[in-house]
Amino acid sequence: MTERAADVVVVGGGLMGAATAFFLRRRGRSVILLERGLIGQQASGVNFGNVRRQGRFPPQLPLANRSRDIWGRLPELLGEDAEFLPSGHVRVCFRREEVGELEAHARDALPYGLELELLSGNMLRARFPYLGPAAVAGSFSPLDGHANPRLAAPAFGRAAARAGAVVCENTEVLAIEKAGDDFVIETRESGRFRAPVVQISAGAWGGALAERFGEKVPLVVRGPQMGVTEPMPYALEPVIGVYSAVPEEGVYLRQVKRGNIVYGGGLRGPAYPDLRRAYVDPANLLRQLPHIARVVPALRALRVIRSWSGIEGYIDDDIPVIGPSAKVAGLFYAFGFCGHGFQLGPGVGDVMAELIATGRTSTPIEPFRIGRFAGTYACYENRGSSGNRVGGFGGS
Ligand SMILES: Cc1cc2nc3c(=O)[nH]c(=O)nc-3n(C[C@H](O)[C@H](O)[C@H](O)COP(=O)(O)OP(=O)(O)OC[C@H]3O[C@@H](n4cnc5c(N)ncnc54)[C@H](O)[C@@H]3O)c2cc1C
C-alpha cells in the first residue's frame, strides 16, 4: 500500500479546507488536501454567495474583516476574482419594533470596525428605489457584497496545487488514528497518508469525525433553500436581506451581472449527510416567494428557473468550531459554519494556516473553541425539516 507524508493533512476540500491548504503553502508547509468528491462540490459550491459581515455575532467580526480583506485581494492571490462584487449589503426590517434591534447591532458592530449606515424607510427607497413599502427601516454595509460560490473553492484548490499542495479528489477519508507523534489517515481510493498535523474541515460531516476523537459537538444538518429567476436588466446592486424574528420572513436576494436574481432563506429543508443529498421542499419554495416580492415588488413578475439546496452543519449556539482540538495534540478543526461560512472561508483558511504554522493567531478565535461543549452534550437529531433558530446569527 502506498503511504504519502506531509507536514499537514487537510480533510475536506470545501472552501475552508482549500483555503487552508493554499495559505499553508504560502507559509512553506507541505500539505495534502483530501476531498471525498470534488473541491467545492458541497455547501461551498452551492451556497447563496453572500459575502456579508453585517448581522454576524459581533466577536466573529475580526475574522470576517480578515476574510473581507482577502476577498478584495483574490486576483492578486489566486489570479481570479470568483466574481466577487463589493456592491454593499442592505438589511431591512418589516416591523417598527425591529428597528431598535438593527440600531443595537450597528452600535455593537462599530467597535469591531464595521460601520453600518442606518436608513429610515424613506431614505431606503430614495437610495434603492426598487424596495417596496413594507421595508420600514434598514442598515447598509457598503463594503460587503457577493461572489460566485461555484468558483471560489475550486480557485483556492487550484492555487494551492499550483503552489505545491497535493490535492486528492475522489478520496474519502475512512479512518484517522494517532500513532506516536503522527496521524495515519486511511482512504478508500488513494492509500494511506501520514502527518503530524491534521485539520478536519469536513463541513456538515465534521461533527462525526470530531466525535471519533471523543469531542462531541451539538451539530444538526439542514438544507437551506435557494432559487434563481430568469434574467432581467441589471438594477439591484447590493445584496438585500430581511431581518425578522419570523423564520419564514428571513429571505435574501442578489442580482448577478448577467441579470438573474438569486434568492434564498426562509425555512430550511431536510438534509441527509449519509446520502450526501439535501432536497428542496416545494412548500418552502412557495413560502419564500411572497416575502421576496414583499421586499422588491417588481420581482413578482419573474419566473423561477431553478431551485436547489445544500448540506450545511448548524451548531446549537449558531457559531462554528474553529481551532485546536481540546484533547489531541496536532489535531485542528474548522467546521459547522451554521449557514454563514462562505464569507468567512478565506479568513478561516488564513487564520488556520497561521495557527498551525505559529501556534497562535493574530485574530481572536477563542469563542469558537471546541471545548465550549465539554460536558454539555445531550442528544441531537441529525436531520429535520425546519431547524431555523429565531434571533440567532446563523443564516446567509
Ligand atoms: C444552500 C446554502 C446557502 C448558503 N449561503 C451562504 C451565504 O450566502 N453566505 C455564507 O457566508 N454562507 C452560506 N452558506 C454556508 C456556507 O456555504 C458554508 O458554511 C461553507 O461553505 C462551509 O464550508 P466548508 O468547507 O466547511 O464545508 P463544505 O463546503 O461542506 O466542504 C466540506 C467538504 O468535506 C468533504 N468531506 C466530508 N467528509 C469527508 C471525508 N470523510 N473524506 C474526505 N472529504 C470529506 C465533503 O465532501 C465536502 O466537500 C450556505 C450554505 C448552503 C448549504
Legend entry - Non-hydrogen side-chain atoms of Phe140 and Pro238 separated by less than 4.5 Å: yes
Legend entry - Ionic contact status for Arg26 with Asp350, cut-off 4.0 Å: no
Inset, instruction - For the pair Arg52 and Asp144, find out whether any cationic side-chain nitrogen is under 4.0 Å from an anionic carboxylate oxygen. - result: no
Legend entry - Ion pair check, Arg95 and Glu249, cut-off under 4.0 Å: yes
Legend entry - Side chain to side chain, Arg222 and Ser309, heavy atoms closer than 4.5 Å: no
Inset, instruction - Could you check if a side-chain atom of Val328 sits within less than 4.5 angstrom of a side-chain atom of Lys178, using non-hydrogen atoms only? - result: yes
Legend entry - Check ion pair Glu115-Arg107 (N to O, under 4.0 angstrom): no
Legend entry - Nearest-0.5 Å distance, CD of residue Glu237 to CZ of residue Arg127: 11.0 Å
Legend entry - SB check Glu80 Arg158 (cutoff 4.0 Å): yes
Inset, instruction - Report yes or no: does Ser201 contribute a side-chain atom to a donor-acceptor pair with the main-chain N or O of Val11 at less than 3.5 Å? - result: yes
Legend entry - Salt bridge Glu215-Lys327, side-chain N to carboxylate O under 4.0 Å: no
Inset, instruction - Check the angle between the aromatic planes of Phe128 and Tyr130 and answer parallel, tilted or perpendicular using the 30° and 60° thresholds. - result: tilted
Inset, instruction - State whether Arg194 and Glu3 are salt-bridged, where the test is any N-O pair (Lys NZ or Arg NE/NH1/NH2 against Asp/Glu carboxylate O) under 4.0 Å. - result: yes
Legend entry - N-O pairing of Arg188 and Glu172 below 4.0 Å: yes
Inset, instruction - Check for a donor-acceptor pair, side chain of Ser67 on one end and backbone N or O of Gln343 on the other, with a separation under 3.5 Å. - result: yes
Legend entry - Sub-4.5 Å side-chain heavy-atom contact between Phe48 and Pro149: no
